Amino acid sequence: MKPHGQVRRGQLLNTFGPGALIDLPKQAVLVGGLDHWRWITPVRAIAEPRLLQKIRRFLPEVRELREPPVDPDPDQPGGGVTVWQFPEWFITQDILHTHPRYGRSRRLVHRRLVQKNQFEDDDRKKHPVVPVRFVRACPKGHIGDIDWYAFVHEEATACRRNLWIDEQGTSGDIASLWVRCDCGKRRSLASASNPKFKALGYCDGGRPWLGGYHTQEECHELNRLLIRSASHAYFPQLLSVISLPLQQTDPVMEAVTAVWDTVAEAETVEEVEFFSRKVVKVREAIRGYDSGRVLSAIRAHREAGSAGDDVPTIKDAELAVLTADQDPIGRDHPDSEFYARVLPRAMWDHPGMEAVERVLLIHRLREVVAQVGFTRFEAVAPDTDGELDIGVERATLSAETTWLPAIENRGEGIFIGFQREKIRHWLRQSAVNDRHLQLVQGFQCWQQEHPTSQRVFPGADYLLMHTLSHLLLTVIALECGYPASAIRERVYASELGYGILLYTASSDAEGTLGGLVKAGERIHHHLRAALDWARLCGNDPVCAQHKPDDPHERRFLHGAACHGCLLIAETSCEQFNDFLDRSLVAPTVDQAAAAFFPDPP
């Protein structure tokens, strides 16, 4: 079905991608898979060979990245994204009766008894209904309706009498909710939330977002209770790259890269000439070049894309460009995807900036983001190198994934590079090693609660850069003209070097207003403000004295970090607000010796 409703194309990759649950004004739906996306306007492929190369490491059948469809007229059928009604069970909004023993009772009904969002009871009285908020799902992304008859009877049954949900008390807690059958059987919903009871049985591998004949696959996971609107109901797996300026000067290679989505499969000169005759953009790109030379460039591009482990990680490739010994980087041209200038040292070389090696003002950049799958209950983010784990089990977006949805974000940014040797020297200090062990102990506690996670502890150097990134983002947002939620981070911490990239990423012109570049000219002022912010939190001393392995607070991936000082919008953070500790950046009321930036004399 296709209810009237629209979302931005960027939301189709983040919040409302294939398999996501959406509450509409009168019903709840499940977003359909890629096989059910329809274009009225011509399909637009997004060219980003470096991102496509990374995706094909674990999805080799993917051939291109596509921009999500636009539905210019909701009243005109044929375009847009199909959604499926889900769940199929409803609950009456009215309290149909109150009982001293059962409490307030609402009728639980299947959709075949619902007409125009109303249920007609035995007395022909109509009652408005809403979709029930409880469904079953598994960590692999499978989802389905709860078998309410089997649940309340604790076994498969032929009983089909009326079902009720009784609410006792006023707290709304799940322990106060009971499912009851007219036959007299009743069961607390709290048992469904406890895995040891196996109340919801084993997953049947349901993939209703795919529709048709592809709705099930083999699965042996236990079903878990899922509230449809819960924050852990859908975690898209996104992979992103910053488009880099071409390092080679070969104009043929530039032309091939520009039309790579079209010529990628060309194997012979004849095929190159065929594409040139039939595709206008190919003809214009390679006009004047010998077909044999074009074919050589295609083969060289293909070999570079299949180089396997020799290919640098996503972030290492970006860091190599951001720290290149040249000025400017890229071209100052309207068609250029990347243009940056080095800020002269004289403008930022102030006391407190001794560890900074380079400041880059990025006037123009392009980020390409693709969705490769999704999970439920537990997020799987790219690692600190920007790569996705090949071995992670992710729910598929379509029955046959030959393309993936992607969007282009354009904006501006600031890059701050730090001296590697100073950070290496800091890491060798005994106080830093002690703090590192405390943070590792917290991570080990987190691992015990997430035994299937592939995450690894990134190290104290990454936590230093990540924490400083959050601090800078917060203070810069106060002056640059962008809200903090519109600024994103990219943290670099590897053998190649250390740095922080703060950038805007918007699919429209609002990300290129110049505020970040202007703020970069006063980076010394912002760094000083960030360090002041790090030293004292409004929740101190509680925040600063937090122990990562504290079993009561259960914030195992945090050191001195809380909503009063470091936590930002999760859309801005590359690690979902994990791996943060103020005490590694500046002295706090509980920890001073491990700080990279000591108190000024």
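Remember, it's a predicted structure, so these values are computed and weren't measured experimentally.
- Within the structure, every pair that satisfies the salt bridge (Lys or Arg N to Asp or Glu O under 4.0 Å) test and touches residues 543-552, not counting sequence neighbours, is listed here: Lys547-Asp590.
- No hydrogens or angles considered: a donor-acceptor pair under 3.5 Å links the side chains of Glu48 and Ser243.
- A cation-pi geometry, defined here as NZ or CZ lying under 6.0 Å from the six-membered ring centre and within 45° of its normal, holds between Arg394 and Phe58.
- Ring-plane geometry between Phe457 and His436 is classed as perpendicular, the angle between the planes exceeding 60 degrees on a 0 to 90 degree scale with a lower cut at 30.
- Contact check for Trp446 versus Pro548: no side-chain heavy atoms found under the 4.5 Å cut-off.
- Between the side chain of Gln371 and the main chain of Gly373, a donor-acceptor pair closer than 3.5 Å is present.
- Put simply, the side chain of Trp89 reaches to within 4.5 Å of the side chain of Trp148, judged on heavy atoms.
- Side-chain contact between Val132 and Ile146: absent, with no pair of heavy atoms (C-beta onward) separated by less than 4.5 Å.
- One side chain, Ser240 or Arg490, offers a donor N or O that lies under 3.5 Å from an acceptor on the other.
- Cation-pi geometry between Arg224 and Phe377 is met: the NZ or CZ atom falls under 6.0 Å from the ring centre, inside 45° of the normal.
- Side chains of Arg488 and Glu367 form a contact here, defined as non-hydrogen atoms less than 4.5 Å apart.
- Partners of Glu88 according to the salt bridge (charged side-chain N to carboxylate O under 4.0 Å, His left out) rule, which considers only residues two or more places apart in sequence or in another chain, are Arg111.
- Side chains of Asp581 and Ser583: a donor on one and an acceptor on the other come within 3.5 Å.
- Here the straight-line distance linking atom CG of Leu502 with atom CD1 of Ile487 works out to 7.0 Å at 0.5 Å rounding.
- Ring pair His470/His466 is perpendicular by interplanar angle, where above 60° counts as perpendicular and below 30° as parallel.
- For the pair Arg455 and Glu378, the salt-bridge criterion is not met [side-chain N within less than 4.0 Å of a carboxylate O].
- A pairwise comparison of heavy atoms in Thr15 and Ala20 identifies O-CB, 3.5 Å as the closest pair.
- For the salt bridge (charged side-chain N to carboxylate O under 4.0 Å, His left out) test, residues two or more places apart in sequence or in another chain that qualify with Arg124 are Glu120.
- For residues 225-239, the set of pairs meeting the salt bridge (Lys or Arg N to Asp or Glu O under 4.0 Å) definition, not counting sequence neighbours, comprises Asp23-Arg228.
- With rounding to the nearest 0.5 angstrom, the CG atom of Asp173 is 12.0 Å from the CD atom of Gln168.
- Residues that satisfy the side chain to side chain donor-acceptor pair (under 3.5 Å) test with Lys185, not counting sequence neighbours, are absent from this structure.
- Residues passing the ring pair (Phe, Tyr, Trp, His ring centres under 6.0 Å) test with Phe374 are Trp209, Tyr234, sequence neighbours excluded.
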